Engineer: 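One structure is given below, represented as structure tokens, and several questions about it will come after.
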Amino acid sequence: MVQFHEHIITELLEDSNGGLVILSSGLALSKLIASLLILHSSSQGTLLLLSPSSTSLKSKITFHLKTLNPQFYQIPAEITADLHAPHRHALYTSGNAFFITPRILIVDLLTNKLPTSKIAGIIILNAHSLSETSTEAFIVRIFRSLNRGAYVRAFSDKPHAMVSGFAKAERTMKCLHVRKLHLWPRFQVYVSQELERDPPEVVDIRVPMSRYMVGIQKAIVEVMDACLKEMRKTNKVDVEDLTVENGLFKSFDEIVRRQLDPIWHTLGKKTKQLVSDLKTLRKLLDYLVRYDAVTYLKYLDTLRVSESFRSVWIFAEASYKIFDYAKKRVFHLVRADGVKFNESSKSVKNKKRRTKGDDKDIEEVDGTSSSSSNAGLILEEVLEEAPKWKVLRNVLEEVEEERQKQGMLREEVLAEGEDTNNGIVLVACKDERSCLQLEECITNGPKKVMHEEWKKYLLNKVQLRDIVNKKKKPKDPKPKGFGILDGVTPIKPVQSAETTSISKQEHDALLAAASKLRNIAENDHVGEDTPQPDSGGQGRAKRKRKVGIRNDPVILDGSGVQNNNKAQSTSDKIGMSDSKNKIDEDETNPISAGRFCETMQGETSVENIVLRRHTNPDAAARNGKSLPPVYFYALESDQPILDILKPSIVIVYHPDMTFVREIEVYKAENPSKRLKVYFIFYEDSSEVQKFEASIRRENGAFESLIRQKSLMMIPVDQSGHSLGLNSTLESDLNTPQNFVTRKAGGRKEAEKEMQVIVDMREFMSSLPNVLHQKGMNIIPVTLEVGDYILSPLICVERKSIQDLFMSFTSGRLYHQVETMVRYYRIPVLLIEFSQDKSFSFQSASDIGDDVTPNSIISKLSLLALHFPRLRIIWSRSLHATAEIFASLKANQDEPDETKAIRVGVPSEEGIVENDVR
């Protein structure tokens with residue numbers, strides 16, 4: 001166990017009231033909680049852990065419990081609604097630790113099925129997601145009122161979420177009735193001393209991005225900047241937050257939405273679109289460094305189809321470059337002039353033109369080339385590999401060499417004692433897809449991987465064409481894929497006419513390439529992706545992209561410049577060389593310092609000369625360079641991988657702050673273990689910037705929390721217990737100001753307690769909590785009809801906006817209202833808006849001129865016409881709902897629990913009571 005965990009636990013145990021602990025992310029929160037659980041003894045009483053929403057945290061806690069204390073056979077069971085009440089009661093009194101879902105705990109507290117005196121305390125694992133109205137706050141409030149002695153301990157490892165909004169940490173502590181705030185940032189003295197005592201050996205590798213990647217990144221940042229400038233013009237957003245650096249994080253959307261939500265209905269279409277555009281651009285930046293060139297192009301294609309008609313960013317100046325460079329990373333246009341090709345294939349030096357003016361050259365020669373060949377243009381593969389792939393391969397080879405050297409020494413070590421270096425290599429990537437792709441890269445070589453992607457890509461295109469042909473849609477006068485881009489670059493009318501013909505030729509070449517591929521695939525039974533379900537015009541809209549030749553003898557040298565050698569048969573094919581059929585698929589790719597070579601067999605002599613000139617002596621013994629056994633781990637899966645595998649070499653392929661901290665903690669726990677860490681960054685890329693910004697952001701959050709802690713005011717009562725948010729009882733506030741003077745002698749009448757019967761399923765929402773704050777007595781039961789019963793006559797069905805739209809679509813609402821009308825005199829449909837969102841059903845721009853049957857307003861009108869007795873209540877927020885309920889109940893009788901449960905449920909004879917019919 002790391003030392004600073006002991007400090008945290010000591011601090012927590014000192015205060016019997018509990019406390020709120022905020023850790024830096026990655027400092028092994030799950031291990032800390034596991035240690036606390038081991039210290040818990042059943043004599044203290046039962047310990048309840050509120051189940052976190054993420055299952056990974058729960059599984060990590062149970063894993064650490066097993067490893068920290070193998071004979072500690074008791075893994076906390078989970079208490080859910082599936083267990084019967086007597087069974088749950090037995091567990092509550094057993095004195096063990098349990099995970100429990102908040103919904104079942106609150107219901108048991110309200111129905112007095114939970115013996116609070118037997119509970120030692122409650123542990124809450126995601127303190128950052130709490131608010132005054134959350135179920136957890138409700139649980140703590142009732143629990144504290146019944147048992148003052150128990151503790152509440154809350155934990156969070158997301159400090160930046162604890163500083164969003166006004167005085168979030170202080171408000172959270174008031175909700176939880178705790179007085180102590182424990183902050184443990186990475187720069188805390190104990191933490192930094194321990195983690196830096198003997199750090200792992202670190203190798204930082206900066207990989208330069210390829211020219212086109214740099215170009216794309218620059219263009220995306222330019223477009224982002226343009227979008228942010230547009231946002232600033234709306235004068236609806238706080239400008240300080242709108243920086244490109246903030247735009248790299250997911251939380252940026254939350255920042256913007258939090259500011260815009262209350263006025264969302266007043267915003268124009270453009271501003272709303274900008275918000276989603278910024279999201280798209282952030283994805284584009286992220287995917288650029290994460291995925292290969294073909295996948296990136298595929299993603300851009302789907303974007304062009306789905307976003308072209310409504311998005312703002314596509315019309316920005318620099319967006320043309322994004323599409324253009326992405327295309328050039330995968331293929332580029334060449335003339336299919338047979339004579340030219342044969343000449344060029346003889347000399348290696350005659351490299352293809354890959355300048356920016358590339359397309360212009362082709363347009364000029366267009367007329368001549370189409371006369372000499374069936375398809376004036378063909379597209380030639382470039383298939384640029386991700387620069388990191390090569391570096392990863394080199395690192396793994398280096399690791400293997402070191403292992404070979406150590407292998408000699410290790411036999412002596414083994415004789416003496418245990419071996420700390422098990423030689424496991426772990427590669428950490430962002431997601432599953434990257435893991436699978438890197439694995440392929442290492443086993444089959446990058447060439448083959450890129451070709452596989454390319455093949456899938458082309459086959460997709462053919463499938464799309466077939467779909468479009470089946471539909472036989474009338475052709476548009478101008479091809480879609482081009483119009484958008486041409487809208488940006490000023491083009492003379494004559495040129496644009498040529499552009500369309502080029503697009504047409506590109507399309508033909510694509511289909512030729514793809515159908516040829518498919519014929520081969522049919523023999524080989526190649527599994528291919530299903531085409532994405534896009535809009536109808538997709539075949540044409542997407543077509544201007546991928547055309548190419550599968551396995552030409554391709555030689556890429558480091559700079560990514562291509563030399564293509566065509567077999568003599570080119571002139572009579574449509575730009576296809578025979579070599580495709582002869583290629584030896586299983587050939588492993590030799591890796592050499594600057595070049596990847598794909599060796600061919602049975603080719604013409606010209607090509608062999610070329611290959612010999614490009615092959616390093618190393619290629620002969622290409623199977624000699626072996627690689628170590630490698631484990632791939634996706635950071636998204638969030639498993640305690642370091643403790644499971646105990647690797648001695650970690651390669652961080654996608655940098656992630658949390659994972660880096662996990663490595664530090666792992667090393668601090670095993671100081672004797674030799675650990676080497678390789679970081680692979682793209683130089684000057686958004687991933688470096690994002691990594692550094694995430695550390696800065698977390699430190700900033702902690703500094704803000706430290707300031708808040710010094711100024712914090714938590715009210716306490718005489719015994720030193722923290723008073724919650726509503727320390728003054730609200731029932732006093734409800735009495736009118738001149739109440740005392742009008743009643744003779746100021747005598748108060750005994751107030752009757754308001755009761756509300758609430759359906760069990762409603763405890764997912766925060767309304768029962770707010771009603772309870774208002775001083776109403778909540779009775780949770782399972783109701784067949786309605787959600788809330790306010791009186792024998794009034795039954796309420798509550799719908800949030802999202803829920804309302806969904807239940808109109810599914811027809812559930814009609815059925816629910818029908819049953820309410822059948823059994824209650826005053827059926828009510830409550831439409832509840834969220835406090836921080838706009839109080840408007842639809843923004844003015846969404847309402848059309850005509851009455852349409854599928855508009856939400858039309859559906860509501862039909863509902864009101866169909867059930868004339870139905871009352872509709874519009875509520876601004878939860879608190880407004882509570883006020884409305886109080887006024888509706890003012891002169892009504894209290895509801896009867898037993899009757900409410902029986903409503904709508906047939907008796908033994910099958911008769912339903914009180915049915916209006």
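All values reported here derive from a predicted model rather than from experimental measurement.
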Engineer: Kindly check if the number of other-residue, nucleotide or ligand heavy atoms within 6.0 Å of OH (Tyr631) is above 12?
Structural biologist: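 No, because the 6.0 Å sphere around OH of Tyr631 holds 12 heavy atoms or fewer from other groups.
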
Engineer: Closer than 3.5 angstrom, by distance alone: can the side chain of Glu698 be matched with the main-chain N or O of Ser25 as a donor-acceptor pair?
Structural biologist: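 The answer is yes, because a donor-acceptor pair under 3.5 Å joins these two groups.
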
Engineer: Between Thr46 and Gly95 (side chain of the first, backbone of the second, donor and acceptor by atom type, cut-off under 3.5 Å), is there such a pair?
Structural biologist: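 Pair found, side chain donor or acceptor close to backbone of Gly95.
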
Engineer: Is the ring pair Trp184/His7 parallel, tilted or perpendicular, if the boundaries are 30 and 60 degrees?
Structural biologist: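 Plane angle under 30°, so parallel.
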
Engineer: Does Lys118, at its NZ atom, have more than 12 non-hydrogen atoms belonging to other residues, nucleotides or ligands within less than 6.0 Å?
Structural biologist: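 Atom NZ in Lys118 is not packed in, count stays at 12 or less.
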
Engineer: Lys168 and Ser164: which non-hydrogen atoms are nearest, and at how many Å?
Structural biologist: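 Heavy-atom minimum between the residues: CB-O, 3.4 Å.
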
Engineer: I want to check something: taking the side chain as every heavy atom from C-beta on, are Asp759 and Val781 in contact at a cut-off of under 4.5 Å?
Structural biologist: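 Of all side-chain heavy-atom pairs linking Val781 with Asp759, none is under 4.5 Å.
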
Engineer: Would you mind reporting whether Ile901 and Thr782 have side-chain heavy atoms less than 4.5 Å apart?
Structural biologist: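 Contact flag for Thr782/Ile901 side chains = no.
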
Engineer: Between the side chain of Asn670 and the main-chain N/O of Ser672, is any donor-acceptor distance below 3.5 Å?
Structural biologist: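 It does not hold such a pair.
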
Engineer: Closer than 3.5 angstrom, by distance alone: can the side chain of Glu894 be matched with the main-chain N or O of Gln755 as a donor-acceptor pair?
Structural biologist: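 Such a contact is found between Glu894 side chain and Gln755 backbone.
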
Engineer: Find out whether Val163 and Phe702 are in side-chain contact, i.e. whether some heavy atom of one side chain is under 4.5 Å from a heavy atom of the other.
Structural biologist: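 Heavy-atom side-chain distance check fails, nothing below 4.5 Å.
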
Engineer: Would one find more than 12 heavy atoms of other residues, nucleotides or ligands at under 6.0 Å from atom CE of Met1?
Structural biologist: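 Yes, CE of Met1 has more than 12 neighbouring heavy atoms, counting only those of other groups under 6.0 Å.
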
Engineer: Are the side chains of Leu91 and Phe98 in touch, meaning some heavy atoms are under 4.5 Å apart?
Structural biologist: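 SC-SC contact between Leu91 and Phe98 confirmed.
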
Engineer: Is there a donor-acceptor contact under 3.5 Å from the side chain of Asp15 to the main chain of Glu11?
Structural biologist: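 Side chain of Asp15 to backbone of Glu11: no pair is present.
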
Engineer: Whether the side chain of Lys709 engages the backbone of Leu181 through a donor-acceptor N/O pair (distance < 3.5 Å, no angle test) should be reported.
Structural biologist: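 Yes, because the side chain of Lys709 sits within donor-acceptor range (under 3.5 Å) of the backbone of Leu181.
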
Engineer: Look only at the side chain of Ser156 and the backbone of Ala127, and say whether a donor-acceptor pair between them is shorter than 3.5 Å.
Structural biologist: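 Looks like no, no N/O pair under 3.5 Å.
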
Engineer: Between Glu832 and Lys799, is the closest basic N to carboxylate O distance under 4.0 Å?
Structural biologist: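 Between Glu832 and Lys799 there is no salt bridge, as every charged N stays at least 4.0 Å from the carboxylate O atoms.
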
Engineer: Using side-chain heavy atoms (C-beta onward) and a distance below 4.5 Å, is Met162 in contact with Leu20?
Structural biologist: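 When only atoms from C-beta onward are counted, Leu20 and Met162 do touch, with a gap below 4.5 Å.
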
Engineer: Is it true that a side-chain atom of Glu170 and a backbone atom of Ala167 form a donor plus acceptor pair closer than 3.5 Å?
Structural biologist: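 Side chain of Glu170 to backbone of Ala167, a donor-acceptor pair under 3.5 Å: no, none is there.
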
Engineer: Are Lys180 and Glu14 ion-paired here, with the side-chain N under 4.0 Å from a carboxylate O?
Structural biologist: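 No salt bridge links Lys180 with Glu14.
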
Engineer: May I ask you to say whether Asp643 pairs ionically with Lys31, meaning some side-chain N is under 4.0 Å from a carboxylate O?
Structural biologist: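 Yes, Asp643 and Lys31 are salt-bridged.
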
Engineer: Should Leu642 and Val665 count as side-chain neighbours, where that means a heavy-atom distance under 4.5 Å?
Structural biologist: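 The answer is no, as the side chains (C-beta and beyond) never meet within the 4.5 Å cut-off.
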
Engineer: For Ser16 and Tyr151, work out which heavy atoms get closest and say how close.
Structural biologist: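 For Ser16 versus Tyr151, the nearest heavy atoms are O-CB, 3.1 Å.
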
Engineer: Between Asp253 and Arg257, does at least one N-O distance fall below 4.0 Å, as a salt bridge requires?
Structural biologist: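 Salt bridge absent between Asp253 and Arg257.
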
Engineer: Using a strict cut-off of less than 4.0 Å between a Lys/Arg side-chain nitrogen and an Asp/Glu carboxylate oxygen, indicate whether Glu636 and Lys430 qualify as a salt bridge.
Structural biologist: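 No.
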
Engineer: Hey, mind stepping through His182 and Leu12 against side-chain contact (heavy atoms from CB on, under 4.5 Å) and telling me if it holds?
Structural biologist: CA-CA 9 Å; His182 308 283; Leu12 276 175; 4.0 Å; yes

Engineer: Hey, are the side chains of Asn777 and Met754 touching, using non-hydrogen atoms and a 4.5 Å cut-off?
Structural biologist: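 No, too far: nothing below the 4.5 Å cut-off.
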
Engineer: Are the side chains of Tyr92 and Thr116 in contact, using a 4.5 Å heavy-atom criterion?
Structural biologist: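 A side-chain contact is absent here, since even the closest heavy-atom pair is not under 4.5 Å.
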
Engineer: Specify the closest pair of heavy atoms between Arg103 and Arg761, including all atoms of both residues, with the distance to one decimal.
Structural biologist: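 Smallest heavy-atom distance, with atoms named: NH1-CA, 3.7 Å.
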
Engineer: Given 3.5 Å as the limit, does a donor-acceptor pair link the side chain of Glu194 with the main chain of Phe4, or not?
Structural biologist: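 Answer holds: yes.
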
Engineer: Would you sort out whether Asp803 and Arg798 count as a salt bridge (Lys or Arg N to Asp or Glu O under 4.0 Å), showing the intermediate values?
Structural biologist: CA-CA 9 Å; Asp803 199 16; Arg798 177 188 151 277; 5.7 Å; no

Engineer: State which residue, out of Arg153, Arg144, His177, Arg148, fulfils the side-chain hydrogen bond (donor to acceptor under 3.5 Å, both in side chains) condition with Asn17.
Structural biologist: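 The option that passes is Arg144.
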
Engineer: For a side-chain contact (heavy atoms from CB on, under 4.5 Å) check, start with the C-alpha distance between Phe763 and Asn769, then their side-chain angles and the critical distance, and finish with the verdict.
Structural biologist: CA-CA 8 Å; Phe763 282 90; Asn769 179 3; over 6 Å; no

Engineer: For Asp656, enumerate each residue passing the salt bridge (charged side-chain N to carboxylate O under 4.0 Å, His left out) test, keeping only those at least two apart in sequence or located in another chain.
Structural biologist: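 Salt bridge (charged side-chain N to carboxylate O under 4.0 Å, His left out) check on Asp656 returns nothing, list empty.
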
Engineer: For Tyr788 versus Glu762, what's the shortest heavy-atom pair and its separation?
Structural biologist: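 It is OH-OE1, 2.9 Å.
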
Engineer: Minimum heavy-atom separation for Leu57 and Ser30, please, with both atom names.
Structural biologist: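 For Leu57 versus Ser30, the nearest heavy atoms are CD1-CB, 4.0 Å.
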
Engineer: Rounded to the nearest 0.5 Å, what's the gap from CD1 on Ile139 to CD1 on Ile122? Could you check?
Structural biologist: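 That separation rounds to 6.5 Å.
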
Engineer: Restricting to non-hydrogen atoms, name the atom on Ala900 and the atom on Ile757 that form the minimum distance, rounded to 0.1 Å.
Structural biologist: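 For Ala900 and Ile757, the tightest heavy-atom pair comes out as CB-CD1, 3.9 Å.
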
Engineer: Would Lys667 and Glu196 count as a salt bridge (Lys or Arg N to Asp or Glu O under 4.0 Å) if you check the C-alpha gap in whole Å, the side-chain angles of each, and the deciding distance to 0.1 Å?
Structural biologist: CA-CA 10 Å; Lys667 180 69 175 88; Glu196 286 159 20; over 6 Å; no

Engineer: Kindly indicate, with the supporting measurements, whether the criterion side-chain contact (heavy atoms from CB on, under 4.5 Å) is fulfilled by Leu125 and Leu50.
Structural biologist: CA-CA 7 Å; Leu125 299 177; Leu50 291 189; over 6 Å; no

Engineer: Between Arg697 and Glu692, does any side-chain N to carboxylate O distance fall below 4.0 Å?
Structural biologist: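 No.
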
Engineer: With distance as the sole test, does His64 use its side chain to make a donor-acceptor pair with the main-chain N or O of Ser35 at under 3.5 Å?
Structural biologist: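 Not a single qualifying donor-acceptor pair exists.
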
Engineer: Evaluate side-chain contact (heavy atoms from CB on, under 4.5 Å) for Leu29 paired with Ile61, printing each intermediate quantity in order.
Structural biologist: CA-CA 9 Å; Leu29 174 64; Ile61 292 170; over 6 Å; no

Engineer: Taking Asp108 first and then Arg88, would you say they form a salt bridge - that is, a charged N and a carboxylate O separated by under 4.0 Å?
Structural biologist: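 Result for this pair is yes, salt bridge flagged.
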
